[in-house]
Each structure stands twice: as C-alpha cells, then as structure tokens.
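First comes the structure, then the notes that go with it.
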Amino acid sequence: MKVLDQGVNPLFMDPDPDKAREFFRQKTRAMVDKRMTEKEVVEKFIPDGCYLAIGGFGANRIPTAVIHEILRARRKNLGFLGHTSTHDFELLCAGKCFNRLDAAYIVGLEARGLSPNARRYMESGEVKVTEWTNYSLAARLKAAAEGVSFAVIRSMLGTDTFKMSGAKVIECPFTGKKFAAVPALWPDVAVIHVHEADMYGNAVFRGISVADMELSRSAKHVIITAEKLVTNATIRANPTATSIPFYLVDAVVEMPFGSYPGNMPYLYFSDEEHLAQWMKVEKDPKEFEKFLDHYIYGVSCFEEYLERCGGLKKLKTLQKLENLVEK
Amino acid sequence: MKVLDQGVNPLFMDPDPDKAREFFRQKTRAMVDKRMTEKEVVEKFIPDGCYLAIGGFGANRIPTAVIHEILRARRKNLGFLGHTSTHDFELLCAGKCFNRLDAAYIVGLEARGLSPNARRYMESGEVKVTEWTNYSLAARLKAAAEGVSFAVIRSMLGTDTFKMSGAKVIECPFTGKKFAAVPALWPDVAVIHVHEADMYGNAVFRGISVADMELSRSAKHVIITAEKLVTNATIRANPTATSIPFYLVDAVVEMPFGSYPGNMPYLYFSDEEHLAQWMKVEKDPKEFEKFLDHYIYGVSCFEEYLERCGGLKKLKTLQKLENLVEK
Amino acid sequence: MAPSYNTMEMMICVASRYLEDGKTVAVGTGAPCAAAMLAQKTQSPNLVILFEAGGISPLLPQMPISVGDSRTFFRAVMAAGMTEMMTTCSRGLVDYAFLGGAQIDKFGNINSTVVGDFYKPKVRFPGSGGANDFASFCWRTMIMTVHSKSRFVEKCEFVTSPGFLSGAGAREAAGLPEGGPYKIVTDLAVMGFEEKTKSMMIESLHPGVDLDKVKAETGFELVIPKQIGSTAHPTEKELKVLREDVDPLKLVIGRA
Amino acid sequence: MAPSYNTMEMMICVASRYLEDGKTVAVGTGAPCAAAMLAQKTQSPNLVILFEAGGISPLLPQMPISVGDSRTFFRAVMAAGMTEMMTTCSRGLVDYAFLGGAQIDKFGNINSTVVGDFYKPKVRFPGSGGANDFASFCWRTMIMTVHSKSRFVEKCEFVTSPGFLSGAGAREAAGLPEGGPYKIVTDLAVMGFEEKTKSMMIESLHPGVDLDKVKAETGFELVIPKQIGSTAHPTEKELKVLREDVDPLKLVIGRA
C-alpha cells in the first residue's frame, strides 16, 4: 500500500480488526439482567487508563451521572474521544481524568463560549493530543463498527488538522483519486444516555442520533444510562424504534434526568444558568475547587447533585422550557 | 495504489465521486409537490438503458406497480442491481428489460424455489453479469452515499465470486491486512416502496430497512411509492421515524397495496398462491406469455391487476394473514 | 426403541445440537431456521437468532418464507437493516451461520452460482446472496444438505462462498478473517474438518448408515479418523418440540 | 434615510442575501443560523437548513444554543445523525456552510485550533469540530467574522479548515472536492476570492466604511478590483423579520 502522506501524531488504540474480533468473540450474547448502579459501572468497566467515549453531543443527551462518578472515583490516565464534547469534556478536565485525547471539538461549549479550566488543562502540555474532525472520528467509529481497519473520507486533506492527526493519504484503486484513510477506533468503553431501555440493554433514543449508532457498534463495552426502564415487551412492540440491541450492551443504569444539566430531547432543556456558572467559577481555580466539592465530590450520588442544583422545581422549569410551555 | 488482485468483470457505472457530486449539485432541494402516477414516473425517470435499483427485499416491501409499468412501457437494455431481488427480478426477466446486471441474489425466490423463466433468461448469455454479494453491494451503495469512490470489506476474498466481480484486493495502510475494495455505485434511479410519505417525498418505512437507507442516499433519482400519503405535519410530528428526507426524492406515487404480491410489514402478507402460480406457468413459455398478457400487459393499471388477482377479498385475507388473525 | 422420523427431521435435530446457548446464529429460511428455533426451545434458550435483512431476535410466530419477510422481525428486539447485520458479523459478534448450495467440496467451499461456463451457464443458481459474506465473517459456518455424489465434489466448479479454500493457511493468505466451516450435517452423517489439513472429515454416522454408503455418496476422499462416532437419534423431546412448536404446518419437515 | 442597526444585524442581513432559494445550508448556532432563518423568511422560502448533528429542516421555534440541541430538530422533517449529514455534504448535496475561527488568511483558510506550539499551545481553541468537513465538502463556504488585523492574517498559524490552501490548484492537488470559500462577511465589508489566484478580494464596502479602513484591519494584501461595490443597507423588512421573527430574544443581535 503506497502511502502518499501521513499525520505525525500517534494512534492511541490498535486498529487491528482481528484483535477486535477476538474480543467480540468472547463477549456474551445472552439476554440477561444487566442493571447496575453508576458506581458499579465505573468500578467494573471504566478502570484507570482505559479509552473512554461519551455519547450524545456535549450537553445534549449525555450520561452525566456516570461522568460524575468517574470524577468521584478519581479515575486517571484515561484516553478520551473528544468528538462532539462540551460539558462532558469540561467535567473530565475538571477531574484531570484523561492524559491522551483524540480531538475534534474540545474546550468549547458552542454558543456558550470556552471553558477556562478545560483550556488551562489543554494548554498545560500534560495531555497528548491527536487532531481529527467530527466526521473523521465518526468515520473511525464506523470503520470499527464494520469490522475493518480503516475508512476513506475526503476531508482533512491539505490541512494542519491532517498533519496533526494519525490519518494517511492513499489513492483510490478505481479512480486514482486521493483520499484520507482514517484508522478504525474501538473504544474500550462507551457511555450513552437514552430515553428508554429494558433491563437487557435494548435501548431507544429519540431525536437525532449524533454518532451513537456508530459508537454503540464500535465500543468494546457499552454502558447505557436511561431516563426510564421499560419492559422487554415494550421494546418488542416497536422494533423499528430500537436504537441499540441488547447484545452490544454490558450494563444498564436507570437515571431519570440523567442528561442534566444537558438537554434531553422531548423531556427537559439544558440548564443554561448552571452551565454559565461552571464557566464563570472556572476562571478562578480556587473558586472552582470549592464549586467541584459542592456539586460533585461532596455529594454521594446524582440525585443529590440534582437537589443541590434546584431539585424538582428546577427540573420542572426545564421540562416546561423543553416543551415550549415557558420561554 | 498497489492492487494485489482484481475481478475480471466490468463495472457498469462510473465510480467517480466528482461526477456524482456534479449531478447532485444540480439536483433541486426545493420542497415541492412531487406527486406523479406510475406512468409518469417511468416516462420521466426510467428511460431505456438506465441503471435501475429496486428497494425492499425481492417480495417484501417492493414497488410492484412501477415494475409492472416498466414492463408495459417495454423498457429495454436497463442495467439492474440484482441485490436481494426475487419477484422483482422475475418480473424484469419476464419483460427482458435489462441486459447488464450486478448480481448478488438472482433467479431464486428463496424458500419458494427458482424461477424457470429467470433461469432461462440468465442462461441465454444475453445478459452481461458481474458477480457480487449482498453485503458487497450494500457496501458499494454505502460508499456512494458517503461520496467516496470505494469501500473496503472482508468478504469475497479468495473466491470465484471475487474473480467474477469488479472488486480489487488492496492492503490496509495501517495494518497491512488485505481487504476487498468495492467501487461506489450510484444507480441512475431507485424505486422504493414505503408505508407513508408526504407529497414532498419525506418517507417512512417500518420494520427492517434492508439496504434502503444506503440505496436512497446513493441513487441519483429516487422514486417513492407509498401505501399512504400523509401530511407534512404528520411527518414533522415524529422526525425520528423518517427514513428518507424529501431532498433525495424525485417523485411520489400513492399506491395502496403497492407491494402486492409481496409482503408489506404490518399491513399484508405475501400472496403465496399467486407467486407459486408464476413459477408454475413459467415452465411453459407459451403459457407464460398468456399469463403475462392477462396479468400485466393486458391491464391498464395496478388496481386492475389487483382486481384480477382477487381484489379486495384476496387483500383482506392477506391482511389477516399478516396480522396473524388467520393462519 | 427409537422414535420414527424422516431425514429432514433427523438433520434438523442433529444440527440444532451444535448451536450452543448464549451464542448468535444467522439463519436463512427453511431447515436452518427450524434448527435454530429447535435449539432455542431445547438446550439453548439464550441463542440469539438473526436474519440478514435486519430481523434481530424475533419471537417467530411461524417459519418465515423469506429472510426479509415480516415474520423475521415479529416482536423482534430490533428491526435493523442488512448493513447492520453484516457488519455485526464482520466485527466478530456472530458465531454461527447456515449455508446451502449446489456443490460442496472437500475444503468446505460452496457453489451456489453456476454450473458450466459463467458467461453462458448450463445452470444458473442464485449466486452468493449473503452466503459469501457469512462464510467470510462468521466464526463457524454450518451446512445442512442432502448427501450425494453430485453435490459432494472434489472441487467446486465455482467457489461462491469460502470454506477453507485450498486448505490449511489459505483463508489467512487470502485475507479472510478467522472462521470457516464447522459442521456439515447431511441425511447420512456429520462431517467436520481435520485440524491440520482443513479437509472434510467424517465425524459420526447416522443410525443405520455405514461408512461405505457415505463414501459412495461422496465425490472425494473423506478423512477417516480412527474413531467414528454414531449420531444419536432425535429424542422424543426434540421431535415433539420440532413438530408441535417449531414447524406445526410441516413447511419444512414435510419436505423430506 | 437608512434605518439604524448594529454591526451584527448588518452582517446577518448581508450574509442572508447570498443564500439562494432552493439550496441547502449547513449552519451552526448564532449568527449563521440567524442569517439562514432570515433568508428563509425573506427571499428564500425554500432554503433547507441542516444541522451537523442530524436536524433536517426544522421549524425552528427559537435560536438553538447547540447544533445538537432539541431546537435543531423541532418539527424537523427528519432527526438523523452526524454521519447522515456529513455524507450528504460529501456527496455534493449541500450548497452552503458557515464557518468561523480565530484566524483567516488570504486564501480563506481558517484556524480554530491553536495559537502557539501545538504540543503546548499558547491558546487552545475547540479545533475543527465539523468545520474542516464542511469546508472540504460543501460547494460554497461562508464566513462571518469581525474584521481585525489579528484575525485576518497573511498565513494561519494552524490551518484547521481548508480554504484554497496555498492558492489556485491547491485544493485539487490535495485531493479535496471542488468547493471552497465563497463570501466573507465582516462588520466592514464583503470579500470574495479572485478567480485566477484564489486570493481574497474585496467586493463591497459597508455603508460609511472606506477602503483604507479595511486595508488597515487586514493583515495581508487584499486583491482590489477595478470596481468595488457598496453594500446595501439592511432593509426595513430585513430588520423587522430579524428582530421580530428570527431573534426576538436578541440572543444573537444583542451581542454586537
């Protein structure tokens, strides 16, 4: 294979599809009760040093409870997939949980601005970064989901984003045209928040899928957090709606309001006040430490965090916002 | 690009993604009324010699009315995507409509047996055939949908299926492993039967998608036949359920029972008696000619065909079968 | 005394025993589907049945007539698509797939495409469909077929789907993932493959069948191990479940 | 007499005029989304708005705060995913995309990744997100930004997203599809690109802005055509629609 050009930065995961196959060969396909708590999930599936991916889109349909638990469990040296990450990234930076990063969108919270603490962490030089784009990372997951070691795309070419990536330029054997080849990525573990799941892991999300179809098919372990547990019969009544089949899933955590302070389509809007507070207190590291103690390290569970953020009254407001009952 | 091995048969379509881009650049994105009759659709979008693909799975969720119209319009020299084709293939063979074929599954009707006439046609030497597999054809469509000129897969390798294909063997630039590279395929026109569509072409199918997600995203022209027209507001009420967005679609044909004699999930089962009759009369070419005159060439429209097959009474039986009310 | 049964029932019962609990199997219509359903209803309740067109783990109300008909996703946990199923196989999540064909050779390669010249065939068959993909991707491919000399040939006229290709090491050299044919269940015997040569090897003879009969109906030299097993009769329970729950309309078991 | 307006309103109105009816536009949050909504509600009712996370042609009830929030698929015709949107761009179905960044150079390349050493940056920005993909795939990329010397630089310190790279022929040589930057709308002027050199060229000056002001705020030599246009004021109608229908909460136009 003639390689015409290549990015200079490292791949953090092995793109060998046969090693991935060996893993998946061993993974159980039995439809058994997979319910766990967020504590158990972090204990069992998210050890120090593993490569983590988070579903949803930064502050939309994210598994906040598990991320908080990762911080409380003081996980370190993770690899992280900084795909469409925003508040999830902000959280993991707050805990300095990762030391290597595939980056497409990081340190920002979109229209809300940039996270001062995430920037500090990323400007510290402590994190190894390989650069990508939103589509190229989705394509890497897609290649993994397909059981092949690479995919070809037409972006990244000609830019420093390519140069600072781990992609390569190859020629099409049919047309001779140039393409960026991006390596398959099988994350060790993906955590995805959904609307509904049964105890076996059959999961349904509504609205946009972002890259969660690809992510749930590529990650070696898949953790589902769900707004609601439903019966298997409910899932089977409408199989067209299922997003993730049970045999991909390792654990199911029931977590109402689990995407808070992010948006959960059709259920509740993001808490923009709380998100703004994050970025504000991050400016002062000392203040930020106290803030983290109050909201994360000093609480025992996600429900307690919700209480400290305003509890049911706040959540009711966000439900109204989402459903356009209040502006 | 080093090519380690390659199939000997021709590609019937150009895998150049930039030519496809030029086509798609010109295609209108306006959300306008696209309703047409099956006659208009064949007249306008399915000329002699074009490359045709049919959605669904052979005798499940197929656009029978448009295929009949192709026969009545005496279309010739088509290219055809023989992906998961069964009764659709049988029909096009009856009309000798195509003279070149990408074949994965042809001449058979699964558990029902083989079509004598389709076999005669395929054994005549009149049709140019390039051999593929179900997945490799789906992957060709997927590559086209992605706007790239090829995809890599791990099947076909080492077999005569590969040798009689148009695929090539290349090495992964990351792992050095061998893969089959399959060229992108942008069919000129795809006809897909769905449960519901609005007049703009936003379309919904329920149950398995087979390869219709890839097909609707790769074909240059997409024709939708729909069991039922619904309002745009109905589509917008549940955007998660939409299978095909309007800007991919060129025409919408309302066609209740449009998949008959095939199965339409949740609505009606296949008419196994009628399908068996096809295979029986095909044994005798003279008989078969009369049969075709009676059921296809001698009727003016699909509704008349339904009448000749038993009309509403027959359809009611098939509805009961589908819904397991009768066995 | 052994219960009475026909050869189709025999093949289905025998094949079903190889499908372990907690594994995934991609099935077609007919006998393979019956074997998987039988396994599910006997020793392997957690066997996951997949259909290539997209049906995942349905509660099959009756035998499907097409791998894409609505039965294949009746009360399924998911109605997906073909790419979903095939990529699930490709990345190593599918344990078994069933294949059939017009010819099978000593390395377990299968012909379901043509007999005679490819460009003007004597007989044209359906082609690969998903068979080549399953045979490439799945860990263990299973074959159920009638045993006859015209079917068991030294070399397939056309290799549609890969077995072990030209023998030991050939799959790896071609770039195929680990996998390959596992068991071939016929009306006479069960065959496997010799570890070293990847040649077809007799494993057990069905009740009342002697080795010479199998040899006579096989167009190449089978590997004969020192010890040949005897296939157990279908049990009363297997037959009862097969006849009453799996295929009460005798769509498959009536074909023998 | 011209109506009064702020610079953000000016930029949005001007950008919206370039979005032709019956075309597709991939937008982010903020000003680009406002420009697309304004175009839809004025001259381009059939403009199709797409969001990279999957929202297709929503009936936007308000300005989204994230390209993946629930507003982006509120009463959409489809709630798809990122791969769907990006591949739609890749195969040539998306006409416009809006980009932003910390630096833009004379060939329309954009830096939204780092200032300083990549491995220990002085400033770390978000990176590409979907910008590099849009800039690679879409026929015409649009840029809306404040005009300043620190932003309009001779050469980006880091090229996150491709404009015309090193100039004429460079996109083709790199393997990128046809496309590239189309219009750059700032608070001072509208710039396009010279056909032959692919260098940034001034096209029209906003009301009350002279060429020297633009030159002073641009860190490289702009191509100056013989004829420079004058940007038309936002119309009463544009401003009314923008203020009343597009951004009544002044989430974007309040930022100027």
Worked check of side-chain contact (heavy atoms from CB on, under 4.5 Å) between B:R236 and D:L59: CA-CA 9 Å; B:R236 290 186 184 276; D:L59 302 181; 3.7 Å; yes
Worked verdict on D:V77 versus B:D198 for side-chain contact (heavy atoms from CB on, under 4.5 Å): CA-CA 10 Å; D:V77 300; B:D198 68 15; 5.6 Å; no
CA sep, side-chain torsions, deciding dist, call: B:Y247, D:L50, side-chain contact (heavy atoms from CB on, under 4.5 Å): CA-CA 12 Å; B:Y247 50 74; D:L50 307 171; 4.1 Å; yes
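Within a 6.0 Å radius of CD in B:E40, other residues, nucleotides and ligands contribute more than 12 heavy atoms. Counting heavy-atom neighbours within 6.0 Å of B:R100 CZ, excluding the residue itself, gives a total above 12.
Heavy atoms only, all atoms of each residue included: B:P239 and D:A76 are closest at CB-O, 3.3 Å.
Heavy-atom distances place the backbone of B:A144, and not its side chain, under 4.5 Å from chain D. B:P17 does not touch chain D: none of its heavy atoms, backbone or side chain, sits under 4.5 Å away. Proximity to chain B is absent for every atom of D:T83, based on heavy atoms less than 4.5 angstrom apart. Proximity to chain D is absent for every atom of B:N238, based on heavy atoms less than 4.5 angstrom apart.
Listed for the B:R21 side chain is a donor-acceptor partner under 3.5 Å among the backbone atoms of D:E178.
With contacts defined as side-chain heavy-atom distances shorter than 4.5 Å, the pair D:L93/B:L248 qualifies. B:E146 places none of its side-chain heavy atoms less than 4.5 Å from the side chain of D:M86. A 4.5 Å side-chain heavy-atom check between B:D18 and D:P177 finds at least one atom pair inside the cut-off. Side-chain atoms of D:N46 and B:T28, non-hydrogen and from C-beta on, never get closer than 4.5 Å to each other.
Annotation: the span from D:T24 atom OG1 to B:K27 atom NZ amounts to 12.0 Å, rounded to 0.5 Å. In this structure, CZ on B:F24 lies 13.5 Å from SG on D:C89, to the nearest 0.5 angstrom.
The only option from B:T242, B:I235, B:I244 that meets the side chain to side chain contact (heavy atoms under 4.5 Å, CB included) definition with D:M78 turns out to be B:T242.
Among the candidates D:A79, D:P45, D:G22, the residue making the largest number of heavy-atom pairs closer than 4.5 Å to chain B is D:A79.
Between D:D95 and B:R29 a salt bridge is recorded (basic side-chain N to carboxylate O distance below 4.0 Å).
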